[in-house]
Amino acid sequence: MRIVFAGTPEPAVPSLRRLIESRHEVIAVVTRPDAVAGRGRKLQRSPIGQLADEYGIPVLTPRKPAEPEFVEALTELAPDCCPVVAYGALLPAEILDIPRHGWINLHFSLLPAWRGAAPVQAAIAAGDEITGASTFRIETGLDTGPVYGVVTERIAVTDTAADLLGRLADSGAALLEQTLHGVEDGTLQAIPQSTEGVSYAPKITVEAAQVRWDQPALAVGRAIRAVTPHPGAWTIVAGNRLKLGPVELVEEALPERQIDVRKTGVYIGTATTAVRLDRVQPQGKRMMAALDWARGARLEPGAVVE
């Protein structure tokens, strides 16, 4: 099939690379416009845009997919199908029927669970043991379209969002390729999603990533891993923001929010038992060992986090 691939961040790269090397022809790529990033605050191409450039594939970067210029360009391309992986913008109804086989999305959950922008993060935070990826045909609802296929993945107790998403990006790429094969051959039919087990995973803001120390240690640990590395868990210590890496659960209890600095590490009390910090990042500095940070911070006895 002649396909136009839509995607933006790094987790979409395995899918595009696999489709470029497949029997299908990638005639163009749609990605979000170049954005300011990095310490130099320079405009940077998205990871998908960069990969397309490497292969000499035309790149379309509409600010909104409803722009008349983009609709016209897509109509002229006349793709057979448009696979989508983490594109980052809602697709308007007027473009959904342009490809004869529609837009097929690779979503990193077992639909109808965790519809929305942050399914991997939501699955980790909720303590799910099993998750996966689904391919489905996009319709006007939020991730409501009929499903072509799924792959499953076990969530390890130490998984961060980056760990889990990395595995799903690879297994999902294979699923997406096989889905396109089945659609082209006419051997695969999409099945409507169940009306039961529906849950939602909205985008996680920086504000929402602040650690809630009034929760049990298990929930605290999951919440931190769910937002590692982006947007990154954080707390306030002595009026300054401190970014946290994954923590270790310990059996000893501490007063809620209290910081205890010992030779063996830095501990913080939760609603149940304490957690031990591993790596932390003070504002304006790089990640460092929590004990090194605590020694330099010279915390007052009985200091607490906010």
Side-chain angles (χ1 to χ4, degrees), residues 1-8 11-31 48 51-52 54-60 65 70-71 73-87 90-115 119 130-153 165-195 197:
M1 287 191 294
R2 298 171 70 257
I3 62 176
V4 172
F5 182 92
T8 299
V13 167
S15 288
L16 176 56
R17 191 181 300 278
R18 191 171 186 114
L19 293 180
I20 289 172
E21 297 171 355
S22 73
R23 76 192 199 195
H24 305 289
E25 179 187 2
V26 182
I27 59 175
V29 159
V30 184
T31 192
I48 284 298
L51 181 59
E54 290 177 19
Y55 282 87
I57 299 171
V59 178
L60 306 175
F70 173 69
V71 176
L74 187 65
T75 301
E76 291 180 358
L77 286 168
D80 296 313
C81 186
C82 293
V84 186
V85 184
Y87 170 49
L90 293 176
L91 302 175
E94 58 263 35
I95 69 171
L96 294 184
D97 292 331
I98 291 177
R100 63 189 181 95
H101 290 298
W103 296 70
I104 297 178
N105 190 34
L106 172 64
H107 184 77
F108 297 118
S109 82
L110 298 176
L111 292 170
W114 304 128
R115 294 172 178 171
I130 300 292
T131 187
S134 309
T135 49
F136 71 95
R137 181 159 179 157
I138 293 178
E139 55 184 30
T140 54
L142 177 63
D143 299 336
T144 57
V147 173
Y148 287 103
V150 300
V151 290
T152 60
E153 181 73 34
L165 187 53
R167 299 200 304 274
L168 288 173
D170 289 335
S171 60
L175 171 65
L176 182 60
E177 180 185 19
Q178 291 304 313
T179 297
L180 295 188
H181 290 349
V183 169
E184 181 181 39
D185 297 340
T187 58
L188 189 60
Q189 298 295 321
I191 299 175
Q193 293 185 36
S194 172
T195 57

Non-hydrogen side-chain atoms of Phe5 and Ser15 separated by less than 4.5 Å: yes
Within-4.5 Å side-chain heavy-atom neighbours: Leu19 and Pro83: yes
Candidate pair Leu60 and Leu77, rule side chain to side chain contact (heavy atoms under 4.5 Å, CB included), full reasoning: CA-CA 11 Å; Leu60 306 175; Leu77 286 168; 4.1 Å; yes
Within-4.5 Å side-chain heavy-atom neighbours: Pro58 and Ile27: no
Arg2 bridged to Asp80 by N-O distance under 4.0 Å: no
Closest non-hydrogen atom pair between Arg17 and Leu51, with its separation: NH2-CD1, 3.6 Å
Distance in Å, Asn105 CG paired with Phe136 CZ, rounded so as to fall on 0.5 Å steps: 4.0 Å
Side chains of Leu91 and Pro65 in contact at under 4.5 Å (non-hydrogen atoms): yes
Heavy-atom closest contact (Ala169 atom, Pro11 atom, distance): CB-O, 3.4 Å
Atom pair CZ (Arg137) and CG (Leu96), whose distance is rounded to the nearest 0.5 Å: 8.5 Å
Heavy-atom neighbours of Ile130 CD1 exceed 12 at 6.0 Å: yes
Heavy-atom side-chain proximity of Leu16 to Val85 below 4.5 angstrom: no
Thr135 side chain vs Gly149 backbone, donor-acceptor pair below 3.5 Å: yes
Minimum side-chain heavy-atom gap Arg18-Leu176 below 4.5 Å: no
Positive for side chain to side chain contact (heavy atoms under 4.5 Å, CB included) with Ile48, one of Val59, Val13, Val30: Val13
Short side-chain to backbone donor-acceptor contact, His24 and Met1, under 3.5 Å: yes
Atom pair OG1/CG of Thr131 and Leu168 - distance to nearest 0.5 Å: 6.0 Å
Residues Ile191, Val147; criterion side chain to side chain contact (heavy atoms under 4.5 Å, CB included); working and verdict: CA-CA 5 Å; Ile191 299 175; Val147 173; 5.5 Å; no
Over all atoms of both residues, closest heavy-atom pair of Val26 and Val29: CG1-CG2, 4.2 Å
Donor-acceptor contact present, side-chain Trp103 to main-chain Ala6, <3.5 Å: no
Pairwise distance NE2(His107) to CD1(Ile138) - rounded to 0.5 angstrom: 11.0 Å
Beyond-backbone contact of Ile3 with Cys81, side-chain heavy atoms, under 4.5 angstrom: yes
Expected output: side-chain Ser134 to main-chain Leu111 donor-acceptor under 3.5 Å: yes
Heavy-atom donor-acceptor pair, Ser109 side chain to Pro119 backbone, under 3.5 Å: no
CA sep, side-chain torsions, deciding dist, call: Phe108, Arg167, side chain to side chain contact (heavy atoms under 4.5 Å, CB included): CA-CA 10 Å; Phe108 297 118; Arg167 299 200 304 274; over 6 Å; no
Sidechain-backbone polar pair: Gln193 side chain, Ala113 backbone, donor-acceptor under 3.5 Å: no
Ionic contact status for Arg23 with Glu177, cut-off 4.0 Å: no
Non-hydrogen side-chain atoms of Asp185 and Leu188 separated by less than 4.5 Å: no
Interatomic spacing from SG in Cys82 to CD1 in Ile98 - rounded to 0.5 Å: 8.0 Å
Gln189 atom CD, over 12 foreign heavy atoms within 6.0 Å: no
Criterion side-chain hydrogen bond (donor to acceptor under 3.5 Å, both in side chains) on Thr144 and Glu139, from CA distance to verdict: CA-CA 7 Å; Thr144 57; Glu139 55 184 30; 2.8 Å; yes
Within 6.0 Å of CG in Leu142, more than 12 heavy atoms from elsewhere: yes
Thr31 side-chain N/O to Gly7 backbone N/O, donor-acceptor pair under 3.5 Å: yes
Derivation of the side chain to side chain contact (heavy atoms under 4.5 Å, CB included) call for Thr152 and Leu110: CA-CA 8 Å; Thr152 60; Leu110 298 176; 4.2 Å; yes
